[in-house]
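Every chain is numbered from 1, with letters handed out A, B, ... down the list of sequences.
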Protein chains: 2
Amino acid sequence: MRIINLDHVAAVPVLPEVVKEMLPYFTEKYGNPSSIHSLGEEVEEAIGEARERVAALINADPSEIVFTSCGTESNNFALKGTVQANRARGNHIITSSIEHFSIMHAIKTLERQGVEVTRLPVDCYGMVDPDDVEKAITERTVLISVMHGNNEIGTVQPITEIGRIAREHHIPFHTDAVATAGVIPVDVKAMNVDLLSLAANQFYGPKGVGALFVRKGVRIEPLLDGGIQENGLRAGTENVMAIVGMGKAAEIAARDMQSRIDHMLPLRDRLMKEVPAAIEDVAVVGHPTERLPNNVSVLVRYVEGESMLLFLDMEGIKIASGSACISRSLKVSHVMLAMGIDAGAAQGSLLMTLGKDNSDQDVDDVVRVLPPIVQRLRDMSPLYKRSGKVKASC
Amino acid sequence: MRIINLDHVAAVPVLPEVVKEMLPYFTEKYGNPSSIHSLGEEVEEAIGEARERVAALINADPSEIVFTSCGTESNNFALKGTVQANRARGNHIITSSIEHFSIMHAIKTLERQGVEVTRLPVDCYGMVDPDDVEKAITERTVLISVMHGNNEIGTVQPITEIGRIAREHHIPFHTDAVATAGVIPVDVKAMNVDLLSLAANQFYGPKGVGALFVRKGVRIEPLLDGGIQENGLRAGTENVMAIVGMGKAAEIAARDMQSRIDHMLPLRDRLMKEVPAAIEDVAVVGHPTERLPNNVSVLVRYVEGESMLLFLDMEGIKIASGSACISRSLKVSHVMLAMGIDAGAAQGSLLMTLGKDNSDQDVDDVVRVLPPIVQRLRDMSPLYKRSGKVKASC
């Protein structure tokens with residue numbers, strides 16, 4: 001059976017060129033960068049090169065890149081490390097109501113420890129209003145954290161504008177760019193950000209490695225205490241192989257970004273148009289234009305996303321419902337609730353995330369296979385027979 | 001030039017069998033275990049198998065294994081997570097004065113946040129006295145953390161006895177077993193431990209993956225908040241490939257442990273006897289018998305460890321001075337200072353850590369190459385010409 005992966009937000013294969021670059025670090029170049037002898041030197045150099053490549057992807061200085069073990073660690077580090085470093089200055093954080101779990105729950109932990117939190121609302125497209133950011137700022141605000149692109153609904157936030165406001169008020173600004181770095185242009189200078197999280201597995205690099213951009217002069221304390229690796233900001237023996245892989249994947253992402261976007265955009269637009277056209281009572285979720293080029297998020301009403309997903313899986317089509325991170329928790333998406341979508345409708349979420357290898361054939365197959373599955377599930381659903389049309393959120 | 005690696009504590013190559021097991025997870029089995037569809041299922045199963053293998057290595061239940069990104073993360077998680085979960089019960093920690101940086105600095109961070117700390121002394125062999133542990137316990141004690149084997153001096157602590165005391169007082173007991181798990185027998189039941197840190201790169205597995213054993217019923221909060229991976233205790237997309245590698249390396253370590261020990265012990269004992277015999281004013285550091293089978297730690301007096309190390313490197317011999325983690329920080333080892341060794345003598349530390357592939361030829365070469373290097377450095381040292389003999393610590 002032909003496998004169609006439309007769940008790239010959950011996982012992508014590592015590029016062969018990246019694998020090739022990583023392999024020598026298993027057995028030949030296995031040194032520890034902290035060693036002074038020559039086994040350490042050769043891997044220290046490799047890490048330096050990876051740091052340059054990751055920095056180039058986001059227009060940062062290599063000294064501003066701290067390697068971590070994943071996007072979740074980068075987010076936890078950014079939030080907890082900034083709050084800790086600014087204890088004397090204040091204890092108020094501004095964030096949005098549609099952040100990734102690794103932001104949302106890290107902030108809940110900080111809140112239990114006495115930090116005050118303002119969670120900004122979003123409009124029906126999942127968009128934060130920069131004016132709301134400005135209004136929420138107090139003298140005690142030590143951090144603003146608003147994500148760049150939302151992995152669940154595709155909406156890309158007005159980061160540059162929020163960053164400008166943060167800078168005017170001299171407040172550190174963090175953005176979770178895990179869904180965008182390596183996918184669309186990310187420029188930490190142009191975007192006015194002080195801290196930015198990214199992860200290699202979102203741009204055809206390996207799992208188990210991420211980075212946090214920390215602008216020079218920004219105060220942050222480590223999340224992992226110990227040795228003096230990563231300029232004293234992240235202890236632990238460097239995951240050399242994975243860091244090298246992230247560097248190579250970043251280099252390729254920078255090189256191929258425009259061609260990947262040019263390839264994915266028409267496929268995205270076909271899905272956003274043809275799926276609602278083929279099935280009654282389907283609404284597109286998220287912003288129509290300020291949107292990730294790889295994200296198609298729809299609500300299929302009167303059907304549970306999970307049921308659709310399992311039937312599609314049997315046909316070889318891999319799709320998610322809500323975000324990959326919450327699939328197994330079976331909770332209604334907090335992102336959709338924040339957008340004003342009712343809990344019942346949010347259950348019918350289908351999230352299709354494209355990759356560079358998807359094709360028009362893949363879109364044809366989804367548009368062909370999905371409608372009879374939805375019809376079959378609706379026929380089984382007493383809810384469908386009872387309900388009238390429900391209102392879309394926008 | 002023949003390369004002799006006597007710095008296995010810093011880095012080991014990944015075993016070919018382990019690499020083979022990991023490779024499919026780059027490009028074929030690249031799914032996200034959190035996905036409900038079939039790409040997720042196959043990797044979820046692989047992680048389950050790895051969890052069983054790691055659990056078997058330390059006689060734990062698979063449900064008690066939490067995968068992390070390294071030993072440093074495991075240690076930070078154990079300490080900060082236990083303190084956080086027991087805030088209502090107390091705020092006192094007991095630890096030793098010879099812990100790894102990832103314990104020592106994590107505890108310093110906790111101390112700055114108001115946690116009270118008792119740091120137990122060690123004797124001249126670097127050994128903690130269990131009676132001191134018992135005497136240090138107060139009604140506010142929420143954690144005892146004493147390492148199993150010390151990576152710098154080789155001394156193995158009386159963990160079973162300390163664990164018995166901790167259990168009698170109903171206090172959670174953590175041990176940093178990064179230097180021992182996979183190297184010598186570690187049995188969490190027999191040793192009476194509640195929390196135990198281990199790392200794959202100490203037993204021929206990949207960098208970038210570790211684990212924390214958390215006994216059923218022990219209260220701990222996550223260090224990385226976010227998704228519900230690892231039973232809600234460690235968020236972040238699972239580093240599937242590395243976890244699979246750790247599982248395979250654990251399986252092989254359990255199988256080959258005794259033969260590796262039988263191979264390394266005579267080499268260790270030769271080095272501990274022949275290096276001091278070949279060079280004047282050399283003292284063995286650490287316990288003579290309660291000692292890691294792969295650890296040879298000596299002080300070469302009136303010489304700087306780092307100079308010896310660089311000259312040895314030119315001869316192809318890779319050796320550390322102090323621990324790998326502090327090599328680049330150029331600080332005097334806190335472990336040796338705690339043992340009563342004076343700062344000047346501690347500068348002459350040479351740390352040789354054996355692996356399964358070292359040979360009698362390697363020992364012959366070290367015993368042949370080292371004395372003229374030491375002599376040359378001493379000839380250049382005004383200190384040597386002035387000094388009389390200094391007292392050994394034991």
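The distance from atom CE of Met22(B) to atom CE of Met22(A), rounded to the nearest 0.5 Å, is 8.0 Å.
When side chains are defined from C-beta on, Leu23(B) counts as touching Leu23(A), because their heavy atoms get closer than 4.5 Å. For the pair Arg87(A) and Arg112(B), the minimum side-chain heavy-atom distance is 4.5 Å or more. Side-chain contact between Ile319(B) and His37(A) is absent, with no heavy atoms from C-beta onward closer than 4.5 Å. Looking at heavy atoms from C-beta onward, Asp7(A) lies out of side-chain contact with Leu39(B) at the 4.5 angstrom threshold.
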Begin from the C-alpha positions of Asn239(A) and Asn239(B) and carry the test side chain to side chain contact (heavy atoms under 4.5 Å, CB included) through to its verdict. CA-CA 11 Å; Asn239(A) 190 356; Asn239(B) 190 354; 4.1 Å; yes

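When each of Lys29(B), Gln113(B), Glu28(B) is checked for heavy-atom pairs under 4.5 Å with chain A, Gln113(B) comes out on top. Your options are Val14(A), Val209(A), Ile3(A), and the one with the most heavy-atom pairs under 4.5 Å with chain B is Val14(A). When each of Gly245(A), Ala242(A), Pro206(A), Gly31(A) is scored by its heavy-atom pairs under 4.5 Å with chain B, the top score falls to Gly31(A).
Proximity to chain A involves both the backbone and the side chain of Ala106(B), based on heavy atoms less than 4.5 angstrom apart. Proximity to chain B involves both the backbone and the side chain of Ala235(A), based on heavy atoms less than 4.5 angstrom apart. Using a 4.5 Å cut-off between heavy atoms, Val18(A) does not touch chain B at all. For Val12(B), the part lying near chain A is the backbone, with the side chain staying farther off; criterion is any non-hydrogen pair under 4.5 Å. Neither the backbone nor the side chain of Met104(A) comes within contact range of chain B; no heavy atoms are under 4.5 Å apart. For a residue to count as touching a neighbouring chain, one of its non-hydrogen atoms must lie under 4.5 Å from one of that chain's; by this rule Glu238(B) touches chain A with the backbone only.
In this structure a side-chain-to-backbone donor-acceptor pair under 3.5 Å is missing from Lys207(B) to Phe26(A).
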Enumerate, atom names and distances included, each donor-acceptor pair closer than 3.5 Å involving a side-chain atom of residues 308-316 of chain B, sequence neighbours excluded.
| residue | atom | partner | partner atom | Å |
| --- | --- | --- | --- | --- |
| Asp313(B) | OD1 | Ser38(A) | N | 3.4 |
| Asp313(B) | OD1 | Ser38(A) | OG | 3.1 |
| Asp313(B) | OD1 | Lys318(B) | NZ | 2.3 |
| Asp313(B) | OD2 | Ser38(A) | N | 2.9 |

Give every donor-acceptor pair under 3.5 Å between a side-chain atom in residues 70-83 of chain A and any protein atom, sequence neighbours left out.
| residue | atom | partner | partner atom | Å |
| --- | --- | --- | --- | --- |
| Glu73(A) | OE1 | Ser69(A) | N | 2.9 |
| Glu73(A) | OE1 | Ser69(A) | OG | 2.6 |
| Glu73(A) | OE1 | Arg234(A) | NH2 | 2.8 |
| Glu73(A) | OE2 | Arg234(A) | NE | 2.7 |
| Glu73(A) | OE2 | Arg234(A) | NH2 | 3.4 |
| Ser74(A) | OG | Thr68(A) | OG1 | 2.9 |
| Ser74(A) | OG | Cys70(A) | O | 3.3 |
| Ser74(A) | OG | Ala211(A) | O | 2.9 |
| Asn75(A) | OD1 | Ser197(A) | OG | 2.7 |
| Asn75(A) | ND2 | Ser102(A) | OG | 3.0 |
| Asn75(A) | ND2 | Asp176(A) | OD2 | 3.2 |
| Asn76(A) | OD1 | Lys80(A) | NZ | 2.9 |
| Asn76(A) | OD1 | Asp225(B) | N | 2.9 |
| Asn76(A) | ND2 | Thr72(A) | O | 2.9 |
| Asn76(A) | ND2 | Asp225(B) | O | 2.8 |
| Lys80(A) | NZ | Leu223(B) | O | 2.9 |
| Lys80(A) | NZ | Asp225(B) | OD2 | 2.7 |
| Thr82(A) | OG1 | Ala78(A) | O | 2.5 |

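Considering every non-hydrogen atom in both Ala11(B) and Tyr30(A), the closest pair reads CB-O, 3.0 Å.
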